[in-house]
Trainee: 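I have a structure here, written as structure tokens, and I will follow up with some questions on it.
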Amino acid sequence: MSRHQPIRVVKGMRDILPPDSALWGRVEHVAREVFRAYAYQEIRTPIVEVTELFARGVGQDTDIVTKEMYTFDDRDGSSLTLRPEATASVVRSYIENRMHERPGVKKLFYMGPMFRRERPQKGRYRQFYQIGAEAIGSESPTVDAEIIEMLFVMLNRLNLQGASMLVNSVGCAQCRPVFIERLRNELEKIKDQLCLDCQRRTVTNPLRVLDCKVPEDQPLIESLPVLSGLLCEGCKQHFDEVQSYLNDRKIPFVVSPRMVRGLDYYTRTTFEIVHGNLGAQNALLGGGRYDGLSEDLGGPPAPGIGFSIGEDRFILALGSADNAESSVDLYIAWMGEAAFRHAAELARELRSHNVAVEVASDPVKLKKSLEIASRLGAPYVLIVGDDEIAQARYALKNLSNSEQQTVSREELFQRFAGPAS
RNA sequence: GUGAGCGUAGCUCAGCUGGUAGAGCGCCGGACUGUGGCUCCGGUGGUCGAGGGUUCGAACCCCUCCGCUCACCCCA
């Protein structure tokens, strides 16, 4: 029939349809409430940025920058990139709009799509959504504790079960290089006993070896030095205070000395929330401190901390809670042209009172209208025909118990639109 | 980028050692001229992912490609 192939979504991208879209809306709504309670304000940055922002911000040698970005040349030849994450953009905006000149910590949140060109799998998409927050302008551990508390509140309010919070410190520009050197030396000694991936990591990214999941490697990895034992005085004290404040707040967390984050800008506190039903991609959310990022991007010193929730994964973890709320309060069935006009007028009035009304679109049999209403999940059907118009009384049928009564226009509005305002 | 599994009706799937396609659900109509869900009856449904090869004959065997899924790498 059709000579054209149907057009399909781009690989790794997807439509979020009802009723799922309602769950997405609910998650975002709750997130906004909690952000507000913690005095965060929304920031909306462009989805496209100059490529250099991510190269410098995320890190020239990270996987994200070297092989996962959607990068293209604009018509004037400049290189642009679809954002693979949002922190770099927020900090860019912070600098560009001179937010450091305002007093106090700048607390911002965002939500929206990010893009990474990876092979799709469970919980991983090429267009995925993040809900995140950044607190910029202080290196105090009180900020770390507060932001983690906020996350904890958010998760509880959304009723997420079975998640656990992992916390670590990855040190600063002073102590981390020293540690990496020490680790590399140790790794060289045992290199040929490790899995092939770890042999490669020894060269490319020694920290990742600590995160290796191959069972045979575990005993060897256990014996390797751990960063938390080699933090400089400042970092150690900072991490101790963060933990102390989290304990004050009764927030359950696990210190996870081998947790490694993938972006170059992280310093000191890093954290992650993992969940059991996400397939192999068990990280629901990740975050940490980035005390040097502003300066890396040419800005003033502006220590900050932030996190990002993978919304797709979050929803996966929540499971398919059957939240099939009806989208309609009242369905109007009509018989005949005159009745349609009457029904349309009634619908307009009711809708102006925020009643969700659906009107039959085509002249179909009443039987069919009832069937459609029933499948829409409408609780009531209003039947409008010539008789009803003549008597100025409508038949109102309750679809859940099949009871039917006749109501006047006033009674109808009373019932659905509430007391007249 | 690498690997594995899977592509048969709108959906979920069956289809034996090759003999050219089936079920359930859905959809449309009827039983029931203005009263849904249940039931019964009838109807609609597919170049078996695409192309090529082997064969008298291919959904089934072989090759190539495409798509989806999961996993690796890495990450939210």
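Per chain, numbering begins at 1; letters A, B, ... match sequence-line order.
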Trainee: Please confirm whether the shortest side-chain N or O distance from Gln130(A) to OP1 or OP2 of rA76(B) is below 4.0 Å.
Mentor: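 Checking rA76(B) against Gln130(A), no side-chain N or O comes under 4.0 Å of OP1 or OP2.
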
Trainee: Considering Watson-Crick and G-U wobble pairs with both distances under 3.5 Å, what does rA71(B) pair with?
Mentor: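 Pairing partner: rU2(B).
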
Trainee: Whole angstroms only, please: what is the CZ-P distance between Arg313(A) and rA76(B)?
Mentor: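 After rounding, the gap between these two atoms is 8 Å.
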
Trainee: Expressed as a whole number of Å, how far does the P atom of rU44(B) sit from that of rG29(B)?
Mentor: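 Taking atom P in both rU44(B) and rG29(B), they lie 15 Å apart.
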
Trainee: For residues Tyr380(A) and Phe416(A), establish whether the separation of their ring centroids is below 6.0 Å.
Mentor: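 Yes, close enough.
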
Trainee: For the pair Glu149(A) and Arg249(A), find out whether any cationic side-chain nitrogen is under 4.0 Å from an anionic carboxylate oxygen.
Mentor: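 Salt bridge flag = yes for Arg249(A) with Glu149(A).
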
Trainee: In whole Å, what separates the P atom of rU33(B) from that of rG26(B)?
Mentor: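 These two P atoms come out 23 Å apart once rounded.
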
Trainee: Under 4.0 Å between a side-chain N or O of Gln281(A) and OP1 or OP2 of rC74(B)?
Mentor: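 Checking rC74(B) against Gln281(A), no side-chain N or O comes under 4.0 Å of OP1 or OP2.
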
Trainee: Looking only at side-chain N and O atoms, does Arg119(A) come under 4.0 Å of OP1 or OP2 in rU69(B)?
Mentor: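 False: Arg119(A) side-chain N/O out of range (4.0 Å or more) of rU69(B) OP1/OP2.
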
Trainee: Checking all strands, does Glu68(A) fall into the base, sugar-phosphate, or nothing category for heavy-atom contacts under 4.0 angstrom?
Mentor: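 Sugar-phosphate, no base atom in range.
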
Trainee: Starting at atom NZ of Lys67(A), determine the distance to atom P of rU2(B), rounded to an integer number of angstrom.
Mentor: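 Rounding to the nearest Å, NZ of Lys67(A) and P of rU2(B) are 12 Å apart.
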
Trainee: For rC32(B), which nucleotide is its Watson-Crick or G-U wobble mate, given both distances must be under 3.5 Å?
Mentor: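 Because no pair has both required distances under 3.5 Å, rC32(B) counts as unpaired.
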
Trainee: Quick one: label Arg14(A) by what it contacts on the DNA or RNA (base, sugar-phosphate, nothing), any heavy atom closer than 4.0 Å.
Mentor: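 Here Arg14(A) touches no strand at all.
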
Trainee: rC68(B) P sits how many Å from Asp15(A) CG, rounded?
Mentor: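 In whole Å, rC68(B) P and Asp15(A) CG are 13 Å from each other.
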
Trainee: Please give the nucleotide sitting opposite rA50(B) as a Watson-Crick or G-U wobble pair, both distances under 3.5 Å, or none.
Mentor: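 Partner of rA50(B): rU64(B).
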
Trainee: Any ion pair linking Glu33(A) and Arg157(A) (charged N to carboxylate O, less than 4.0 Å)?
Mentor: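 Yes, Arg157(A) and Glu33(A) are salt-bridged.
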
Trainee: Quick one: Met69(A) CE to rA76(B) P, roughly how many Å, whole number?
Mentor: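 Those two atoms, CE and P, are 15 Å apart.
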
Trainee: Counting primed atoms plus P, OP1 and OP2 as sugar-phosphate and everything else as base, spell out the protein contacts along nucleotides 34-42 of chain B at 4.0 Å heavy-atom distance: B, S or - for each nucleotide, 5' to 3'.
Mentor: BBBB-----

Trainee: Determine whether a donor-acceptor pair (one donor, one acceptor, N or O, separation below 3.5 Å) exists between the side chain of Arg116(A) and the base of rA76(B).
Mentor: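 For Arg116(A), whose side chain was compared with the base of rA76(B), there is a donor-acceptor pair (under 3.5 Å).
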
Trainee: Whole-Å distance between rC6(B) C1' and Gln121(A) CD?
Mentor: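 In whole Å, rC6(B) C1' and Gln121(A) CD are 17 Å from each other.
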
Trainee: Could you pull out all residues at least two apart from Gln199(A) that satisfy side-chain hydrogen bond (donor to acceptor under 3.5 Å, both in side chains)?
Mentor: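 Listed in chain order: nothing, the list is empty.
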
Trainee: Can you tell me the base-pairing partner of rU55(B)? Count Watson-Crick or G-U wobble geometry only, both distances below 3.5 Å, and say none if there is no partner.
Mentor: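 Base-paired to nothing in any strand shown.
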
Trainee: Can Asn168(A) and Ser256(A) be counted as having a side-chain donor-acceptor contact under 3.5 angstrom?
Mentor: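 Asn168(A) vs Ser256(A): no donor-acceptor pair found between side chains.
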
Trainee: What interatomic distance, in whole Å, is found between P of rC62(B) and the corresponding atom of rG19(B)?
Mentor: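 To the nearest whole Å, 16 Å.
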
Trainee: Filter on salt bridge (Lys or Arg N to Asp or Glu O under 4.0 Å), then keep only pairs touching residues 165-177 of chain A, sequence neighbours left out; what's left?
Mentor: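 Every candidate salt bridge (Lys or Arg N to Asp or Glu O under 4.0 Å) pair involving residues 165-177 of chain A fails, so no pair, neighbours aside, qualifies.
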
Trainee: Considering every strand and a 4.0 Å limit on heavy-atom distances, what is the contact class for Ala283(A): base, sugar-phosphate, or nothing?
Mentor: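 Since only primed, P, OP1 and OP2 atoms lie under 4.0 Å of Ala283(A), the category is sugar-phosphate.
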
Trainee: What residues form a side-chain hydrogen bond (donor to acceptor under 3.5 Å, both in side chains) with Ser93(A), not counting sequence neighbours?
Mentor: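 Once residues adjacent in sequence are excluded, the partners of Ser93(A) under the side-chain hydrogen bond (donor to acceptor under 3.5 Å, both in side chains) criterion are Asn97(A).
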
Trainee: Write down the distance separating the C1' atoms in rG1(B) and rU8(B), rounded off to the nearest Å.
Mentor: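 Pairwise C1' distance, rG1(B) against rU8(B), rounds to 32 Å.
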
Trainee: In whole Å, I'd like the distance from the CZ atom of Phe54(A) to the P atom of rA76(B).
Mentor: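 Taking CZ of Phe54(A) and P of rA76(B), I get 14 Å after rounding.
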
Trainee: Rounded to whole angstroms, how far apart are CG on Leu284(A) and P on rA76(B)?
Mentor: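 Taking CG of Leu284(A) and P of rA76(B), I get 12 Å after rounding.
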
Trainee: Going by purine N1 to pyrimidine N3 plus the second Watson-Crick contact, or the G-U wobble pair, all under 3.5 Å, which nucleotide sits opposite rG43(B)?
Mentor: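 Pairing partner, where one exists within any strand: rC27(B).
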
Trainee: Which nucleotide, in any strand shown, forms a Watson-Crick or G-U wobble pair with rA9(B), with both distances under 3.5 Å?
Mentor: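 Base-paired to nothing in any strand shown.
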
Trainee: Have a look at Ile64(A) and say if it touches a base, only the backbone sugar-phosphate, or nothing, with a 4.0 Å heavy-atom cut-off.
Mentor: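 No contact.
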
Trainee: When the P atoms of rC48(B) and rC74(B) are considered, how many whole Å apart are they?
Mentor: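 After rounding to an integer number of Å, I get 43 Å for this pair.
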
Trainee: Taking the P atom in each of rC60(B) and rA9(B), what is the distance between them to the nearest angstrom?
Mentor: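 That atom pair is separated by 15 Å.
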
Trainee: Using a cut-off of 4.0 Å on non-hydrogen atoms, how would the nucleic acid contact of Gly279(A) be classed: base, sugar-phosphate, or nothing?
Mentor: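 Gly279(A): backbone/sugar contact only, no base atoms under 4.0 Å.
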
Trainee: Counting the atoms with a prime plus P, OP1 and OP2 as sugar-phosphate, which does Tyr129(A) contact under 4.0 Å by heavy atoms, base, sugar-phosphate, or nothing?
Mentor: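 The answer is nothing, as Tyr129(A) stays clear of every strand by at least 4.0 Å.
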
Trainee: Does Tyr331(A) have any ring-ring contact (aromatic ring centres under 6.0 Å, His included) partners at least two apart in sequence or in another chain, and if so, which?
Mentor: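 Partners of Tyr331(A) under the ring-ring contact (aromatic ring centres under 6.0 Å, His included) test: none.
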
Trainee: If the P atom of rA23(B) is compared with that of rG46(B), how far apart are they to the nearest Å?
Mentor: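 Those two atoms are separated by 14 Å.
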
Trainee: When the ring planes of Phe115(A) and Tyr70(A) are compared, do they come out parallel, tilted or perpendicular, using 30° and 60° as the limits?
Mentor: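 Ring orientation, 0 to 90° scale: perpendicular.
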
Trainee: For Arg8(A) and rU69(B), what is the distance between atoms CZ and C1' respectively, to the nearest whole Å?
Mentor: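 Between C1' of rU69(B) and CZ of Arg8(A): 13 Å.
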
Trainee: Does Lys122(A) or Arg261(A) map to a spot on RNA chain B nearer the 5' end, using the closest nucleotide for each?
Mentor: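 Final value for this comparison: Lys122(A).
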
Trainee: Once salt bridge (Lys or Arg N to Asp or Glu O under 4.0 Å) is applied, what residue pairs with a partner in residues 39-50 of chain A remain, sequence neighbours excluded?
Mentor: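 Listed by first then second residue: Arg32(A)-Glu42(A), Glu42(A)-Arg44(A), Glu49(A)-Arg92(A).
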
Trainee: Can you check the distance between rC73(B) and rC11(B), where both ends of the measurement are the C1' atom (answer in whole Å)?
Mentor: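 So the two C1' atoms sit 35 Å from each other.
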
